[in-house]
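Chain naming here is simple, since letters A, B, ... match the order of the sequence lines and numbering starts at 1 in each.
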Protein chains: 2
Amino acid sequence: MSRPTMETVAERAGVSRALVSLVMNNSSKVSEAKRQAVLRAAEQLGYRPNLHARNLAQARTKTLGMIINDIHNPFFAEVVYGVEAAADDYGFDVLILNGGRDAERERRAVETHLQFQVEALILVGPKLDDDDIIRASAVVPTVVVASGRDNPGADTITTDEERGAALAVQHLVELGHTDIVHIDGAANISSRARSRGYEKAMRSLGLEPRILRGGDDEADAEAAIVNLAETDSMPTAIFAFNDLVAAGALSTLEAAGLRVPDDVSVVGYDNTFIAELNHMSLTTVNQPRHQMGQLAIRTVLERIEDDRTEPTRIDLAPTLSVRRSTAPPRKA
Amino acid sequence: MSRPTMETVAERAGVSRALVSLVMNNSSKVSEAKRQAVLRAAEQLGYRPNLHARNLAQARTKTLGMIINDIHNPFFAEVVYGVEAAADDYGFDVLILNGGRDAERERRAVETHLQFQVEALILVGPKLDDDDIIRASAVVPTVVVASGRDNPGADTITTDEERGAALAVQHLVELGHTDIVHIDGAANISSRARSRGYEKAMRSLGLEPRILRGGDDEADAEAAIVNLAETDSMPTAIFAFNDLVAAGALSTLEAAGLRVPDDVSVVGYDNTFIAELNHMSLTTVNQPRHQMGQLAIRTVLERIEDDRTEPTRIDLAPTLSVRRSTAPPRKA
DNA sequence: TTGTAAGCGTTATCAC
DNA sequence: GTGATAACGCTTACAA
């Protein structure tokens, strides 16, 4: 009834357990005859190695633990693909646990991964605080992806988000805009850097920044814009914290009878597939997600295999994807 | 250097290894004094149980393996949350592997999960063929979520997609449409059922079905509609295979100077957050994804704990989410 | 090239 | 209550 083990295979093939092990790990020092016999026996029995036993016997697990802030968020999916592709190349399995936008859940996920003896932790857009990350990285190599802040003890793969925001501002200014409002990400982890980038860029161009409190979804954008319409003047361009907020801006503006980009230009951030949708066609700041994923793997591998111990930080360059939500202002 | 084990903790606490085990599994038959001593020692050493050792020693792993067709697809995320919530309730860990829209990758993922000795397999929108599923379900309880076809040997949690398509048609007909085109999902797994539902509903209402070959993304919709415009007449309503195809229809129609819903109504399928975006506001067929996830867990648990052996199939009822992409035809 | 045997970190079954 | 001791399924010297 229970699953066949090496023992079973060994008996069937008329060899010792150790020999079966050698065959399974395709050692070169096994005679072709026995190898065939073992493989045949394994095949017939439907033998499947027990990873727990293997991991216990060996020092290592060849397994990496990844925690994704929110599996809903399409931004992270691309990072995952990058991570998986690279991990494949190096023969590592990647176990995914969903953080569910909740620090407590993430903490439990870290714990689960550690109990599984993963060789490294890859945290994608984590909600964890510094202490959590310090604690984790004291146990296994840890790399944080897509969270601009400094992560003590851990490696960091991110993009320069101040620069990303500056790209957005530059683009709008080049089009002729001077009255550009930023709807920020409120408590979101990347919000600070993006706002700062916006503000610096505006000032360095001699323009007055205007920052509205936003958030990370459509409703937040709506609230911000309604508030803007009531208490202040409508700008000719809006730079939103992310694509979803930009999407909210789009519909709120249109509901108010304003055309995008004719009356108001809108720029998003993240280049998620929302921005790509033809019907939205959002100009947005792009982060090289796939590459970020790959670098995450490379980085932890340097710790695992080459035992680097100094924390590393890689700041990739964001780029701007120009689409149809931006245009010169009505009258320059 | 290496991580502390029960042995280490036992020494430190001045007890036997077995006693530590009892404490860790909070057995009632341990004196309070020793319990405290053990816990303190574990705390100080940063002891963490080794799941591989535990899983090896015990018969079971309390772990479930989930494979997601494509982590990009927001439709699946919701299912994942349902699965996780229910699994939590029953004290199971859920390991996620990404199928990457590729049958071969999924096959490897199944293999990995089996080697990890998961107690059940949850396949969300799998690309695997019948044989793969038969093979898997011969080894562990397997439940297939969100794939309408019959899955021999496995349990199935799905919605009645024929019915979903019929809901879309009914809605359009009630609005007054008679000329309704369906853009299908081509080779996609759910395409057959949805097309069939559309066709039956049309015929039963005395209307002539027109089915265009589509696919599962925006470009497919564009191709279908351009083709339609060139070789045939434009209908007053389009029922698309899914939301993304519907989104493609939206932009292609508007690019052609047609207004939605004034000139053409559009209905999607899946109620992903694309449909929810205010700016898209797609009428679409909804599947109770969270509930599907929960039922998946319940179903496999019946096999694991109550050892049911007969395959089960649950067909949930889809519903229609009416938004702003549908309206009565121009002149009824 | 093959087999023997020890050990990986737990749990579980006994005695004490 | 507590502590030996034998599994669990595999890898890995070391012998043969």
Worksheet item: What distance do E78(B) atom CD and Q291(B) atom CD have between them, rounded to the nearest 0.5 Å?
Response: 12.0 Å

Worksheet item: What orientation do F116(A) and F116(B) show, parallel under 30°, tilted 30 to 60°, or perpendicular over 60°?
Response: perpendicular

Discussion item. Can you give me the first and the last nucleotide of DNA chain C (5' to 3') that has an atom within less than 4.0 angstrom of a non-hydrogen atom in chain B?
Written reply: dG9(C) to dA12(C)

Fill in: E302(A): side-chain contact (heavy atoms from CB on, under 4.5 Å) partners, not counting sequence neighbours
D306(A), R308(A)

Discussion item. I need the residues from residues 4-26 of chain A with at least one non-hydrogen atom less than 4.0 Å from DNA chain C; give them sorted by number, or say none.
Written reply: V15(A), S16(A), A18(A), L19(A)

Worksheet entry | CZ/R192(B): more than 12 non-hydrogen atoms of other groups inside 6.0 Å | no

Practice prompt. For D270(B) and Q287(B), test the side chains for any donor-to-acceptor distance below 3.5 angstrom and give the result as yes or no.
Written response: yes

Worksheet item: Going 5' to 3' on DNA chain D, which nucleotide is the first and which the last to come under 4.0 Å of a heavy atom in chain A?
Response: dG9(D) to dT12(D)

Worksheet entry | Option from T156(A), T299(A), D150(A) for which side chain to side chain donor-acceptor pair (under 3.5 Å) with R313(A) holds | D150(A)

Worksheet item: Bend angle of the helix from dT1(C)-dA16(D) to dC16(C)-dG1(D) from five-pair axes at both ends, rounded to 10°?
Response: 40°

Discussion item. Measuring from atom CD of E84(B) to atom CG of D89(B), what distance do you get when rounded to the nearest 0.5 angstrom?
Written reply: 12.0 Å

Worksheet item: Any donor-acceptor pair under 3.5 Å linking the side chain of N188(A) with the backbone of S190(A)?
Response: no

Worksheet item: Checking E106(B) side chain against L128(B) main chain: does a donor-acceptor pair fall under 3.5 Å?
Response: yes

Response to the item:
Residues of residues 39-61 of chain B with a heavy atom under 4.0 Å from any atom of DNA chain D, listed by number, are L56(B), A57(B)

Fill in: Ring centre gap for Y81(A) and H72(B) strictly below 6.0 Å
yes

Practice prompt. Check whether any side-chain N or O of N73(A) sits under 3.5 Å from a backbone N or O of F75(A) as a donor-acceptor pair, and report yes or no.
Written response: yes

Worksheet item: When rounded to the nearest 0.5 angstrom, what is the spacing between CD1 in I96(A) and CE in M66(A)?
Response: 4.0 Å

